[in-house]
Amino acid sequence: MRFAHLLKKLFSFSSLKSRLLLGLSFTLLLLIALVLGMAWQIGKTMVQETNMSHLRYEATLLADEVTQQIDMRFQALERLSEMIGPTDDASWISHQLRQNDSLMAWFEGIVVANRDGRIIADWPAIVGRVGLETAELEYFRMLRGIRRPYVSEPFVGRASGMPMVVVGVPRFTEQGDFDGFIGGILSLDSGGIFSRLAKVRLGEKGYAGVATSSGKVLYHPNSSFINASVPSKEFNPWLDLALDGWEGDAVGQLVQGEMALQSYAQVWSAGWVVGLYLPISQAQLPLADFIRQLWWTWVVLVLLIFPLLLWMLGRVLSPLRHLEKQIGEVGLGHRESVSLATRMQELQQVAGTFNRVEDERQLLLGNLQEREAFLDSVLNAAPQGMFVANIKGDITYMNPALLEMLGISTDVPMKTWLEQIHTDDIDGAKDMWLHSLQTGSDFVRQLRFLRSDNELLWLDIHARVVMLSQDGHTLGLVGVVKDITERRQQEAIQRWEAEHDPLTGLLNRRGFERRLEEAFADFQKTSTPSALLLFDLDHFKPINDEGGHALGDEMLRRIAQVVAWEVRRSDHVARQGGDEFGVLLPSCTLAQARRIAESLRQSVSEISVTHAGKEYRVTLSIGVTTFDETDTSMEDVLARADAGSYKAKEHGRDGVVVNMPNDDVMELFDQLK
């Protein structure tokens, strides 16, 4: 029972002894892993270099053998061509083919074509092959063009259904003119020209393959890949380089998805590429088995050393048990200090440090109680709102001034009054609060708070992280809250006055130009269509001259009301000065702008003021344009709309003119006089 308890305590790692044992064991295992890892890396490099050299040699050897096979077949067909001579006599050619029946050991069939590409003889004779036209086939055009032996692209035989190629040599007349070709048909099965490749053994998963420079598979252990296209350049860039004539070694991905060593060699006479592939997992298999055996050897050795380490640690740490007992007695008040009879300097230093810390703790404990009482008095008497938050960000204290400011009581949970923060401000405030807790930076934020009596407050909050100066440990945050509602309202009034005309309440030139720039920036980013109307008042001068400026101001106010009523709520209306007005129509097409302009012209024409029995009316000369891709700045749009307004005046006033870029003639829309 005692032994079981000892094992449980030992392997719970709650004691120094068990942790030291764990640390030593872990160090040994780490050292073993480091040694084995280095052995693995070095061995892996050596294995890869060795296997790569073998693949390079084997690929070169296979390419040379295939080249020799192709050259021998070229030579045999050239000798046959010399025997046949420059003739199109099918009987003579068939006789010569039968006399050279030994060629069937190298070919599945022999065909002879004349200069027009028609098959005039074959062996062995197959019904339907004589008379076939090959003039449009790839290998006939190549033989006629290059006038030297050539191996065709792979194709599927009509009769056999097997993939094959044609090894062809051109025939010539006595004058040296092209006179057709003699072709030997090769089957792309595991026998014949690729018999050596079928015998290549590179472990269980390694294999050899052959492809044409155009990217067609000629040989593969998996016959379903024959005559298919090789993987894309993105999948295997090394194979793509080999198709362009590169010879060399590399590490790349196979079709199955695993990485493999690759080596490529060229069969120049046929335009083929020989590739050897050995999966890295297979190449490293012997090394992995060796490392695994070595690993278990080391593990067994560590398990044998474990009891010895356990005994040694028990002897070394026995003084710690005495120290633990005396510290417990100090905590209970049975002792004032610890005293150890040991030669271990480290434990003597620990005992001395503990005694010194205990003396300081007793002194600080008395001071701490005094400071807590003083701090509580300061916070409660402070006229400003103040709060304290813990390291998790939860507010644990709010002074009376802050509770009164927010209109909440001390028993209201934090989750409840947080919901009274304005929805547009709460997310940003939370992100900034978390950032301050994580980085130790100050929390500075202005936000809106809705009291329980529905009064909306603007609050300025400044909180600072409190840290211990000795080690920089964060204790929490202390913050100050100010009610800036009145200041924010005053600032809003000042901003409104800075951008609005005092007479009409419309935007002034400054406010209008700012919104124009914002709309133009949106247009450049997102191509959002917007339109601009500029107009001034026709026949306005007599109102000022005869009725005085008061009458003119009354007319301007009425026009401002009508224009603001006629446009959309999202539009911006401005009085830019005197009798000059502008309307910005965001997200508005030209057709919509025309209709709005005509509506404004019609509505304003119905407004009148009376003085001394005389009625005065005004009309509008409106220039209409939209933002265009050719505009380099807002001035281009303003100039275009202004030109449209002047054109409306030239046509007799009281009209709408659309002025767009590259228009030879501005369009007058529904002019009314």
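Values reported hereafter were calculated over all heavy atoms of this structure, with side chains retained and with hydrogens, waters and symmetry mates removed.
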Contacts of Arg115 that satisfy salt bridge (Lys or Arg N to Asp or Glu O under 4.0 Å) - sequence neighbours left out: Asp88, Asp179

Ile84 side, atom CD1; Gln99 side, atom CD - distance, nearest 0.5 Å: 11.5 Å

Salt bridge check, Lys525 against Asp522: does any charged N sit closer than 4.0 Å to a carboxylate O? no

List in chain and number order the residues that pass ring pair (Phe, Tyr, Trp, His ring centres under 6.0 Å) with Phe235, two or more places apart in sequence or in another chain; answer none if no residue qualifies. none

With no hydrogens and no angle check, is any side-chain donor or acceptor of Ser152 less than 3.5 Å from a backbone partner on Val166? yes

Has the side chain of Arg73 got a donor or acceptor atom that lies under 3.5 Å from a matching backbone atom of Trp106? yes

Closest contact, heavy atoms only, Arg171 versus Ser81: CG-OG, 3.7 Å

Quick one: does Arg98's side chain get under 4.5 Å of His95's, heavy atoms only? yes

Flag side-chain contact, heavy atom, 4.5 Å: Ser530 against Thr626: no

With side chains defined as the heavy atoms from C-beta onward, is the minimum distance between Pro231 and Leu239 less than 4.5 Å? yes

Are any non-hydrogen side-chain atoms of Val267 and Val273 less than 4.5 angstrom apart? no

Quick check: does any side chain N or O of Thr134 sit under 3.5 Å from a backbone N or O of Gly117, one acting as donor and the other as acceptor? yes

Hey, is the main chain of Lys216 close enough, under 3.5 Å, to the side chain of Ser229 for a donor-acceptor pair? no

Output side-chain donor-acceptor pairs under 3.5 Å for residues 141-150, partner residues at least two apart or in another chain, one line each.
residue: Arg141; atom: NH1; partner: Glu136; partner atom: O; Å: 2.4
residue: Arg147; atom: NH2; partner: Gly176; partner atom: O; Å: 2.4
residue: Tyr150; atom: OH; partner: Glu138; partner atom: OE2; Å: 2.1

Got more than 12 heavy atoms from elsewhere within 6.0 Å of CD, Glu258? yes

Is it true that a side-chain atom of Asp116 and a backbone atom of Arg118 form a donor plus acceptor pair closer than 3.5 Å? no

Thr50 backbone acceptor or donor facing His54 side chain under 3.5 Å: no

Tell me if a side-chain donor or acceptor on Asp631 pairs with a main-chain N or O of Asp628 at a distance below 3.5 Å. yes

If you round to the nearest 0.5 Å, how far is CD of Gln253 from CD1 of Ile280? 11.0 Å

Can you tell me if CZ on Phe178 sees more than 12 non-hydrogen neighbours from other groups inside 6.0 Å? yes

How long is the span from the NE2 atom in His220 to the CG atom in Asn227, to the nearest 0.5 Å? 14.0 Å

Answer with yes or no whether the side chains of Asp636 and Thr632 bring together a donor and an acceptor at under 3.5 Å. yes

Are the side chain of Asp431 and the backbone N or O of Gly428 linked by a donor-acceptor pair below 3.5 Å? no

How about Leu590 and Val658: do any of their side-chain heavy atoms sit closer than 4.5 Å? yes

Does a sphere of radius 6.0 Å around CE in Met259 hold more than 12 heavy atoms from other residues, nucleotides or ligands, not counting ones at 6.0 Å or beyond? yes

Are Ile93 and Ile120 packed together at the side-chain level, in the sense that at least one heavy-atom pair is separated by less than 4.5 angstrom? yes

Could you tell me which non-hydrogen atom of Pro586 sits nearest to which non-hydrogen atom of Leu584, and how far apart they are? CD-O, 3.2 Å

Assess whether side chain to side chain contact (heavy atoms under 4.5 Å, CB included) is satisfied between Leu55 and Asp249, documenting all intermediate values. CA-CA 8 Å; Leu55 286 181; Asp249 316 307; 5.6 Å; no

Between Leu516 and Leu638, is any pair of side-chain heavy atoms under 4.5 Å apart? yes

Nearest heavy-atom neighbours spanning Leu77 and Gly184: CD1-N, 3.8 Å

Checking Thr87 against Asp89: is there a side-chain donor and acceptor pair closer than 3.5 Å? no

Worked verdict on Glu153 versus Ser214 for side-chain hydrogen bond (donor to acceptor under 3.5 Å, both in side chains): CA-CA 8 Å; Glu153 291 292 308; Ser214 62; 2.4 Å; yes

Checking Gln266 side chain against Ala242 main chain: does a donor-acceptor pair fall under 3.5 Å? yes

Sort and list the pairs that fulfil ring-ring contact (aromatic ring centres under 6.0 Å, His included) and have at least one residue in residues 256-276, not counting sequence neighbours. Phe194-Trp272, Tyr264-Tyr277

Which residues pass the salt bridge (Lys or Arg N to Asp or Glu O under 4.0 Å) test with Asp642, not counting sequence neighbours? none

Can you check whether Asn236's main-chain N or O pairs, donor with acceptor, with Asp240's side chain at less than 3.5 Å? no

Is there a side chain to side chain contact (heavy atoms under 4.5 Å, CB included) between Asp122 and Ile110 once you walk through the steps? CA-CA 5 Å; Asp122 68 330; Ile110 306 292; over 6 Å; no

Please list, chain by chain and in numerical order, all residues satisfying side chain to side chain contact (heavy atoms under 4.5 Å, CB included) with Asp427, sequence neighbours excluded. none

Would you name the heavy atoms of Tyr219 and Ala208 that are closest together and state the gap between them? CE2-O, 3.4 Å

Is the shortest side-chain heavy-atom distance between Leu254 and Tyr207 below 4.5 Å? yes

Heavy-atom count around Trp123 CH2 within 6.0 Å, excluding the residue itself: above 12? yes

Would you say the ring centroid of Phe181 lies under 6.0 angstrom from that of Phe172? no

Between the side chains of Arg514 and Glu518, is the shortest nitrogen-to-carboxylate-oxygen separation below 4.0 Å, so that they form an ion pair? yes

Which heavy atom of Ser269 sits nearest a heavy atom of Phe74, and at what distance? O-CE1, 3.8 Å

Working to the nearest 0.5 angstrom, can you tell me the gap between Leu533 CG and Arg594 CZ? 12.5 Å

Side chain to side chain contact (heavy atoms under 4.5 Å, CB included) between Leu218 and Phe225: does it pass, once the steps are laid out? CA-CA 8 Å; Leu218 295 173; Phe225 286 110; over 6 Å; no

Measure across Phe627 and Met634 and return the closest heavy-atom pair with its distance rounded to 0.1 Å. CE2-CE, 3.5 Å

Applying side chain to side chain contact (heavy atoms under 4.5 Å, CB included) to Val111 and Arg129, what does each step give before you reach the verdict? CA-CA 9 Å; Val111 295; Arg129 188 153 62 183; 3.8 Å; yes

